[in-house]
Amino acid sequence: MKLVQLSRTEHGHLRINPALALSVAANVHLVPLTLSEIRTVASQFPVFLAKDGETGQFYPCALMGLEPHENLYWTGSALDADHIPLNLLRLPFFIGGADPAQAAICLDEHSPGVDANGPCAILEPDGSDTGYITTIHGILDRLAAGKAPTRGFVDRVVGLGLARETKLDVRFDNGTGAVLNGLYAIDETALGRQVAAVTDFDDVMVLAAMALSLAHVGGLVRRKNRRIEADAQWLGAAA
Amino acid sequence: MTQAVKSVCIVGGGSAGWLTAGLIAARHRGAPGGEHCLSITLVESVERGAIGVGEGTWPTMRQTLRKIGISETDFIRACHASFKQGAKFVGWRTGDPDDFYYHPLVLPEGFPDLDLAPHWHDSGTSSFSDTVCFQEFLCENGLAPKLITSPEYGGIANYAYHLDAGQLGKLLRDHCVGKLGVRHLDDEIVRVEQADNGDVTAVVGLRRGPIKADLFIDCSGFSSLLLGQTLGVPFVDCSDVLFIDRALAVQVPYDGPDSPIVSHTVSTAQKHGWIWDIGLQSRRGVGYVWSSRHAGADRVADELAAYVGPAFADLNPREIAIRSGHRACFWKNNVVAVGLAAGFLEPLEASALVLVELSADYIATAMPATRHAMDIVARRFNAMTRYRWDRIIEFLKLHYMLSEREDTAFWRDNRDPDTIPQNLCDQLELWRHHPPGEHDFASANEMFPAASYQYVLYGMGFRTEPLRRPTADERHAAQDAFARTTATKRKLAAMPTNRALLDKLAQYRFQPI
């Protein structure tokens with residue numbers, strides 16, 4: 001990865017292939033979410049809290065695989081999902097700098113999405129922004145503006161004791177299994193006890209969506225079983 | 001005698017007073033106006049200040065602070081604390097340059113179901129502690145016992161703290177007064193009033209006059225104002241076993257902001273005692289404890305200067321007199337002593353604060369409902385606490401009596417059989433053929449597990465000659481355990497350094513879960 005600040009003169013001529021940019025998600029099992037998208041994303045993926053390895057702080061995330069570096073929604077060329085989290089949609093662009101007000105847009109120059117044959121341009125021939133880059137601006141603005149509310153939400157959840165460490169211990173059809181640690185789910189019993197203390201109705205809806213989203217773990221297991229079966233067939237054919 | 005116990009007065013602040021106040025208040029603050037609701041007052045002379053010894057804790061401090069309701073991040077920041085993963089004893093056995101062993105806080109692999117003591121000699125390499133436990137590896141590499149993602153008070157390796165005791169007192173005071181409803185009075189006690197049966201009815205403050213209570217907790221330090229001076233409970237001197245009676249302490253600044261913070265206490269044997277070296281976030285606490293019967297302060301200061309190096313010239317060493325021993329009993333009438341008022345021993349195994357925690361926790365848990373019940377609780381407390389002091393004294397003596405050092409009278413005298421408690425002699429006789437095991441420590445009030453005795457015994461070169469050869473199954477289980485220890489070390493090589501984690505903690509917090 002090589003992040004550089006986006007500039008009209010340096011990068012205006014580049015073309016982007018968003019589908020290829022998304023290919024980095026093939027190795028990602030946890031995708032960070034911003035508060036405003038949790039309800040939507042939770043309709044499709046299990047949503048947990050996890051801890052950032054560098055800072056130890058909780059963040060909400062969508063679970064896409066059952067072991068690190070596994071994404072069961074990645075088909076080899078696309079992400080098989082109706083709702084793609086903003087942190088994947090923005091690729092290959094990033095927000096640089098710690099202060100959202102001063103945020104600079106950065107480009108990963110080494111991203112496979114930087115592609116001379118890509119369908120999206122950054123600038124129109126007349127030098128104005130394309131619809132594509134305007135959309136990217138909107139996504140990055142939403143992510144930057146969502147940092148503080150997301151932080152506040154996480155602090156309220158942890159402060160009220162609504163999260164509980166959840167060890168995913170799943171079995172597959174071929175007899176193997178996987179154990180995934182470091183995920184924290186909404187504890188419905190604790191939520192029931194503390195519901196009067198959750199004063200913001202939006203919080204209630206987000207918490208309910210997160211709690212219900214655990215049902216999607218079953219979908220991940222089904223995807224994993226299909227992948228194992230496909231691998232076995234491929235290996236059988238190769239032999 | 002059926003009068004209900006409704007008020008507690010703690011005399012003296014400092015770590016002992018405020019830890020006691022915190023543990024009792026956290027347990028008893030309950031619903032206001034409840035039948036057994038306790039009012040808790042702590043009176044101290046703020047001017048007089050605390051002694052501030054004992055900058056090393058046991059892992060018990062994690063549970064204690066959690067009970068009191070203080071977050072680990074706040075505690076570490078306020079007390080400039082760092083993580084402690086045991087003690088490294090340097091030069092205790094022979095005094096040779098490569099002479100050291102560890103007493104880590106993690107039990108030997110598989111202990112107590114699996115006892116590696118009969119097998120470690122066969123493993124061929126390294127020391128007992130390094131063979132049976134991964135923690136020496138963390139210590140020797142300056143690595144932390146946990147990650148920034150570890151929850152508060154939880155870790156990957158067992159750990160305790162090095163802390164600034166003065167700051168701990170302040171943190172606890174603010175918490176006890178602000179959050180737990182403890183009443184704090186700044187006053188100088190000028191007189192103690194007693195009933196006919198000897199019970200203390202009030203301590204009389206210079207400014208506030210009589211402060212009455214049903215139970216008084218004496219945390220007045222070495223002066224032992226209530227238990228010793230008022231109730232006349234005699235002091236049991238144990239300098240015949242433990243010779244240390246002086247300390248010369250300095251605070252040593254780090255070379256720079258990136259200097260490593262050592263993740264264990266270093267106890268280095270000297271000619272007439274030993275030097276403690278404790279790494280806080282902001283500085284090192286270093287001190288020489290010695291026996292004044294064996295050496296004068298000037299000779300000791302030279303050794304301390306040599307240990308600290310050129311920085312010593314700019315430091316102001318502080319000499320502290322230590323009286324090794326404890327009161328004949330700890331709870332008499334309606335007075336119970338906690339901390340230095342109960343007794344003191346050299347800080348070799350950081351036993352001061354843990355005794356405060358255990359005593360205060362017992363008082364909080366067994367808080368007598370009536371004055372009549374108090375006598376029963378007192379009898380139990382005295383038996384339990386005396387047992388603990390005796391075990392600590394024996395364990396400390398073990399460190400000295402196994403030494404092979406011949407260089408000074410201090411070390412030779414420590415091996416004099418007349419100075420060794422009989423119970424310790426008995427244990428050693430048994431350990432010649434059986435490694436220390438749980439069967440040797442059957443009380444619910446043990447201070448040190450059998451594993452601690454193993455670490456010191458085999459670290460000091462003691463040999464146990466087992467009565468029988470291990471079976472093939474036992475040998476295989478031991479080999480597997482050694483392999484697991486090696487694998488764990490490999491896995492933990494990526495742990496952050498103690499300094500890196502503490503620096504990170506200045507910016508981020510441990511999460512509660």
>> For A/Arg227, I'd like to know if atom CZ has over 12 heavy atoms of other residues, nucleotides or ligands within 6.0 Å.
In response: yes

>> Out of A/Arg164, A/Gln57, A/Glu165, return the one with the most heavy atom pairs under 4.5 angstrom to chain B.
In response: A/Gln57

>> If you count heavy atoms of other groups shown closer than 6.0 angstrom to NZ of B/Lys170, is the number above 12?
In response: no

>> Heavy-atom count check: over 12 atoms from other residues, nucleotides or ligands less than 6.0 Å from A/Arg223 CZ?
In response: yes

> Do any of residues 505-512 of chain B have a heavy atom less than 4.5 Å from a heavy atom of chain A, and if so, which, in residue order?
Replying inline: B/Tyr508, B/Arg509, B/Gln511, B/Pro512

> Does B/Lys504 use its side chain to pair, donor to acceptor, with the backbone of A/Glu54 at less than 3.5 Å?
Replying inline: yes

> Who wins among A/Gly159, A/Gly161, A/Ala50, A/Gly53 for the most heavy-atom pairs under 4.5 Å with chain B?
Replying inline: A/Gly53

> Among residues 182-205 of chain A, which ones touch chain B with a heavy-atom distance under 4.5 Å?
Replying inline: A/Tyr184

> What pair of heavy atoms forms the shortest contact from A/Thr55 to B/Ile148, and how long is it?
Replying inline: O-CG1, 3.1 Å

> Which answer fits B/Pro151, side chain, backbone, both or neither, if we ask what part of it has an atom under 4.5 Å from a heavy atom of chain A?
Replying inline: both

>> I need the minimum non-hydrogen distance between B/Thr149 and A/Asp52, along with the two atoms involved.
In response: CG2-O, 3.3 Å

